[in-house]
Q: 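I am attaching a structure below and will ask some questions about it afterwards.
Residues: numbered from 1 along the sequence shown. Both backbone and side-chain heavy atoms feed into the values below; hydrogens, waters and symmetry mates do not.
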Amino acid sequence: MRLRIWLLIFLLFSVYSYGQINITFPMEKAVFQRNQNNQANLSIAGNYAINISIDLIKARLINPANENVVMDWTTIQSNPTGGVFNGTLVNVPGGWYRLELRSYLGGSINGTATLNRVGVGEVFLIAGQSNAQGLENIGNGAEDERVITHNELTWYDSGAGQCDKKFPNYPSLGQLNGPISKTGFSSWCYGRLGDLLTSRLNVPVAFFNAGATSTSSVNWKESSDNIPTPNHYNGSQLTFCNQVGVPYSGLKIILNYYASLFGVRAVLWHQGESDNFINLSGSTYQNNINYVINKSRADFGSTVPWVISKATLFHYDDTQADIRIAQQILGSDNANKIFPGPDTDLLGSGYRLDDVHFNSQGVIELANYWNSSLDDTFFNFATPIPAKSLPVVTVTQINSESQLLAPDGYSEYKWVRLDAGNTDYQDPEEATTRLISRVSGTYRCYLKDANGNITFTQPVTCGCLGAIACNGITYLSDMGACTAINGLGAIKYDKSNDGAPIKLKGVTYAKGIGCHANSEISYKLNGSFGRFITDIGLDDEVGPAPPVNGSAYFRVYADNALRYESPLLNNSSATIKLNIDVRGVQELKLITNYGPDNFNYDHTDWAGARLHCVDTQKPTQPQNLSESLVSQNCATISWSASTDNMEVEKYIIYLNDIKIDSVSASATSYRIKGLEPLFYYTARVSAKDYSGNESTLSNVAEIITLPDLMLGATPNTINIGQSTILQADCPGGTVLWSTGQTGISINVSPTTTTTYNATCTIGDCTSNTAFVSVKVIPDCQNAYTLTNPADNYELPSINLSFKASSTISASNAISNQAKVNYQAGQSVTLQPGFQVQAGSVFKIQIGGCSN
């Protein structure tokens with residue numbers, strides 16, 4: 001009885017010990033605004049399998065640069081229910097961290113999760129005209145990973161022919177190296193400015209942009225009241241960008257969205273060139289900007305600090321003094337939380353691309369100027385606005401139905417279903433009530449307050465229990481995903497994002513997942529599997545390169561810890577094969593994010609995505625290993641395929657008991673190259689599965705390579721006008737001669753002494769080049785001296801005539817039925833050692849030739 005009780009306790013502990021938690025907020029690389037004490041409260045939310053019990057959730061922060069613990073294990077929630085948890089780390093100091101979570105049951109750890117990077121630092125909003133918005137392809141990205149933005153451009157809707165007033169997509173944050181959401185065309189000066197600030201302040205920095213090209217203070221004031229405002233540079237646009245409310249709507253959106261989520265230190269304002277262009281008075285400019293500042297603060301509900309740059313330079317060196325004075329007065333109103341920015345008019349024509357806009361050197365100096373302006377006085381007196389607290393969604397489980405309740409006190413509720421491809425506030429709504437009841441699906445509620453500020457709850461998955469056990473090979477497209485968020489449309493199973501067969505670099509896959517960055521798909525594995533296997537790349541449907549299209553990152557998370565991150569892939573990138581250990585993993589999450597160029601063409605494939613059980617069984621031994629196509633330097637080995645309880649991944653090739661290579665399981669032959677001629681080798685093959693289990697070695701294949709190619713000529717000495725046969729020893733191969741002819745033997749008739757060469761090709765291997773010379777005796781020369789053995793002649797094929805106008809001296813040998821004729825005008829002298837064997841024909845004539 002006691003044994004049974006202990007066994008039961010052990011089994012219960014074993015079940016609980018595999019429970020896992022997942023972090024759903026904050027998102028990777030989020031930066032939250034610190035307060036004047038260099039601190040912020042960090043909201044943390046996540047989920048766990050509803051069949052797991054948890055007593056406590058604890059969190060800690062690690063400095064990834066030195067692995068020092070910055071905040072040790074702190075309880076953020078006790079006794080969470082409904083498969084979700086929410087908590088807060090209070091007074092987190094400014095810095096860049098790895099966030100680690102643990103869940104506990106009965107004093108023992110039963111789950112862990114990690115967010116690789118999250119920060120407390122500075123958040124800036126950018127507004128103004130084109131020198132705030134930035135031009136395309138000018139400026140360098142940040143070098144410091146702590147300089148963050150949402151690399152998304154939502155400025156102009158070409159289909160509608162107007163600027164858009166959409167809220168950005170759900171933040172996918174990354175290092176600032178391209179567009180800056182919402183309207184920034186490029187990194188402009190902000191990548192370098194971020195590097196300067198992170199180096200100086202030692203905290204991460206985030207930027208979000210609402211600049212609008214060609215805008216004046218008049219446009220900003222009038223659009224803030226939602227009335228039409230003309231484009232000063234385009235008379236056909238009586239309403240700027242053909243959209244009422246622009247440009248101010250962009251600033252309001254990033255205030256309501258990013259500043260609400262992450263907090264904000266200040267708005268960085270660079271504008272005034274267009275006011276110079278329309279010759280606006282300084283007093284009107286000052287009134288307009290004051291109006292916009294006050295309107296933005298009222299719309300946001302907080303006194304956000306502003307930093308006002310001096311910017312009036314138009315047409316190279318034309319500045320306007322009264323606007324500059326107005327900007328100086330605005331920036332001096334520190335009591336009203338308005339501060340002076342850089343005097344950019346000092347950057348004259350040498351720093352300009354044209355009559356207004358900065359060039360590459362100009363944006364570097366612009367960053368330096370901004371860095372100098374954001375000085376200690378600014379940081380001491382510009383009171384930042386903290387991030388709004390993450391709303392807590394309450395989950396109640398009633399049988400198989402989940403009831404999701406958003407918190408009270410908001411003016412608008414909008415539920416979106418994430419696994420149907422709706423990830424953003426702009427996406428179609430699922431419901432607009434506080435409470436929804438669902439039996440399946442993943443949901444997030446976007447909440448809007450009376451000022452229009454948006455925040456959102458964590459995602460909640462209804463009724464997703466995941467895999468119970470492993471049975472052979474399990475394709476993810478056959479499993480029920482707990483989260484299925486797609487960047488465009490719905491996730492496709494066993495199809496590409498456009499609904500075609502999945503295809504990577506010409507290879508078609510029957511199984512897999514097709515999606516579009518940004519995408520997120522998660523599966524509950526419940527510790528039941530051993531390996532995750534897939535091929536990744538951009539689907540062939542985006543077209544071959546050139547041109548280079550698409551750019552995306554693939555990331556694999558196991559229990560919210562990053563297990564794999566791809567390089568930036570596009571349509572020219574080779575397919576990458578992944579084989580990832582998932583033993584004990586509770587949740588597998590697959591994410592694709594678009595790269596720095598844009599959203600287009602990012603059709604990402606998890607081709608053949610599948611799971612293997614935990615596996616310790618070896619594949620069967622490869623059989624019937626044999627050799628073929630043996631040459632001087634190569635040989636082919638072939639074998640019968642092995643089998644495995646899961647899948648054979650590859651075959652390992654051994655030569656003389658040393659591993660030399662491996663081939664994929666689809667191959668049952670291998671070409672060994674680089675061998676030595678006339679050498680003895682032994683070859684063997686083993687099979688290895690995806691779990692690393694290797695079979696016993698196959699039988700031995702013995703390889704004896706051919707000797708170096710040998711060439712001969714019969715005869716090798718001829719008279720002019722005669723021919724000879726060139727021969728090569730290349731059994732089973734193709735001989736290519738320097739004459740261009742092919743064949744084991746060829747007939748040649750050289751007119752002078754000639755060296756020929758040839759190679760022997762067997763299969764795809766070609767021997768070293770061999771050489772043979774054919775000596776051609778001239779028709780007549782002054783004299784000959786024939787020596788032994790250089791001029792010995794034998795074999796019946798020899799029929800030579802030596803003709804000299806004067807003398808011939810011979811000490812050579814003639815044998816084996818060779819025929820040789822000596823003819824000289826003066827004398828033929830047979831020296832000691834001269835020999836003629838019986839059966840040979842030898843003739844001497846005295847009679848000259850004319851040379």
Side-chain angles (χ1 to χ4, degrees), residues 27-28 150-152 169-174 177-179 418-424 427 442 475-479 481-523 532-545 547-558 562-580 588-611:
M27 66 285 291
E28 184 75 24
H150 186 184
N151 287 293
E152 177 184 76
N169 292 331
Y170 183 82
S172 175
L173 303 171
N177 55 14
L418 306 182
D419 59 328
N422 301 324
T423 62
D424 306 313
D427 287 341
T442 301
Y475 284 91
L476 291 187
S477 56
D478 297 331
M479 294 179 65
C482 292
T483 304
I485 302 167
N486 202 27
L488 184 64
I491 296 292
K492 301 296 195 305
Y493 299 102
D494 301 331
K495 298 290 184 182
S496 70
N497 189 74
D498 282 352
I502 293 172
K503 185 179 287 188
L504 295 177
K505 293 293 175 284
V507 177
T508 300
Y509 298 77
K511 307 291 290 181
I513 303 172
C515 44
H516 191 296
N518 295 321
S519 69
E520 178 179 319
I521 315 160
S522 66
Y523 292 89
F532 168 58
I533 301 152
T534 188
D535 292 353
I536 59 172
L538 269 63
D539 195 276
D540 287 1
E541 68 192 7
V542 305
V548 172
N549 282 327
S551 63
Y553 297 97
F554 290 72
R555 296 179 173 94
V556 178
Y557 289 83
L562 183 65
R563 285 286 178 90
Y564 172 80
E565 182 174 35
S566 75
L568 186 65
L569 302 183
N570 55 44
N571 63 330
S572 69
S573 304
T575 300
I576 295 177
K577 297 181 179 295
L578 303 184
N579 176 12
I580 296 174
L588 178 69
K589 187 182 297 181
L590 310 180
I591 291 177
T592 65
N593 296 125
Y594 57 76
D597 53 355
N598 53 44
F599 181 76
N600 299 326
Y601 303 105
D602 296 338
H603 296 204
T604 51
D605 289 340
W606 301 92
R610 59 201 184 276
L611 295 161

Q: Check the side chains of Asn151 and Asn593 for a donor-acceptor pair under 3.5 angstrom, ignoring hydrogens and angles.
A: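 No, no side-chain donor-acceptor contact under 3.5 Å.
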
Q: Given the rule in the side-chain contact (heavy atoms from CB on, under 4.5 Å) test, do Leu538 and Thr604 qualify, once you have shown the distances and angles that lead to the verdict?
A: CA-CA 5 Å; Leu538 269 63; Thr604 51; 4.3 Å; yes

Q: Can you name the side chain to side chain donor-acceptor pair (under 3.5 Å) partners of Thr534, sequence neighbours left out?
A: none

Q: Side-chain contact test, heavy atoms from C-beta onward, threshold under 4.5 Å: evaluate it for Asp494 versus Tyr475 and give yes or no.
A: no

Q: Could you state the interatomic distance from OG (Ser566) to CD1 (Ile576), rounded to the nearest 0.5 Å?
A: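 Between atom OG of Ser566 and atom CD1 of Ile576 there are 5.5 Å.
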
Q: Go through the steps to decide whether Tyr553 and Leu568 satisfy the test side-chain contact (heavy atoms from CB on, under 4.5 Å), and finish with yes or no.
A: CA-CA 5 Å; Tyr553 297 97; Leu568 186 65; 3.5 Å; yes

Q: Using the side chain to side chain donor-acceptor pair (under 3.5 Å) definition, which of the options Thr423, Asn422, Asn497 pairs with Asn486?
A: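 Testing Asn486 for a side chain to side chain donor-acceptor pair (under 3.5 Å) against Thr423, Asn422, Asn497 leaves exactly one candidate, Asn497.
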
Q: Whether Arg555 engages the ring of Tyr557 as a cation-pi pair (distance to the six-membered ring centre under 6.0 angstrom, angle to the ring normal within 45°) should be assessed.
A: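 Output no; distance or angle outside limits.
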
Q: Is there side-chain contact between Leu578 and Tyr564, with heavy atoms separated by less than 4.5 Å?
A: yes

Q: Check whether the side chains of Thr575 and Asp535 place a donor and an acceptor atom closer than 3.5 Å, and report yes or no.
A: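 Not at all, the side chains of Thr575 and Asp535 share no donor-acceptor pair under 3.5 Å.
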
Q: Can you list everything that forms a side chain to side chain donor-acceptor pair (under 3.5 Å) with Asp427? Sequence neighbours excluded, please.
A: none

Q: Roughly how far, to the nearest 0.5 Å, is the CG atom of Asp602 from the OG atom of Ser551?
A: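 Between atom OG of Ser551 and atom CG of Asp602 there are 5.0 Å.
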
Q: Of all residues at least two apart in sequence or in a different chain, which pass the side chain to side chain donor-acceptor pair (under 3.5 Å) check with Asp478?
A: Lys511

Q: When you measure from the side chain of Tyr523 to the backbone N and O of Met479, does any donor-acceptor pair fall under 3.5 Å?
A: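 Not at all, since once roles are kept as given, no pair shorter than 3.5 Å links the two residues.
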
Q: Could you walk me through whether Thr592 and Trp606 pass side-chain contact (heavy atoms from CB on, under 4.5 Å), step by step?
A: CA-CA 10 Å; Thr592 65; Trp606 301 92; 3.8 Å; yes

Q: Ignoring hydrogens and geometry, is there a side-chain-to-backbone donor-acceptor pair from Asp539 to Ile502 under 3.5 Å?
A: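 No: the side chain of Asp539 does not pair with the backbone of Ile502.
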
Q: Please say whether more than 12 non-hydrogen atoms of neighbouring residues, nucleotides or ligands are located less than 6.0 Å from OH in Tyr509.
A: yes

Q: Given Asp498 and Ser496, is the side chain to side chain donor-acceptor pair (under 3.5 Å) satisfied, shown in steps?
A: CA-CA 5 Å; Asp498 282 352; Ser496 70; 5.8 Å; no

Q: Any chance NZ of Lys505 has more than 12 other-residue heavy atoms, nucleotides or ligands included, within less than 6.0 Å?
A: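 Yes, NZ of Lys505 has more than 12 neighbouring heavy atoms, counting only those of other groups under 6.0 Å.
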
Q: Going through the distances and angles, do Asn518 and Tyr170 end up as a side-chain contact (heavy atoms from CB on, under 4.5 Å)?
A: CA-CA 9 Å; Asn518 295 321; Tyr170 183 82; over 6 Å; no

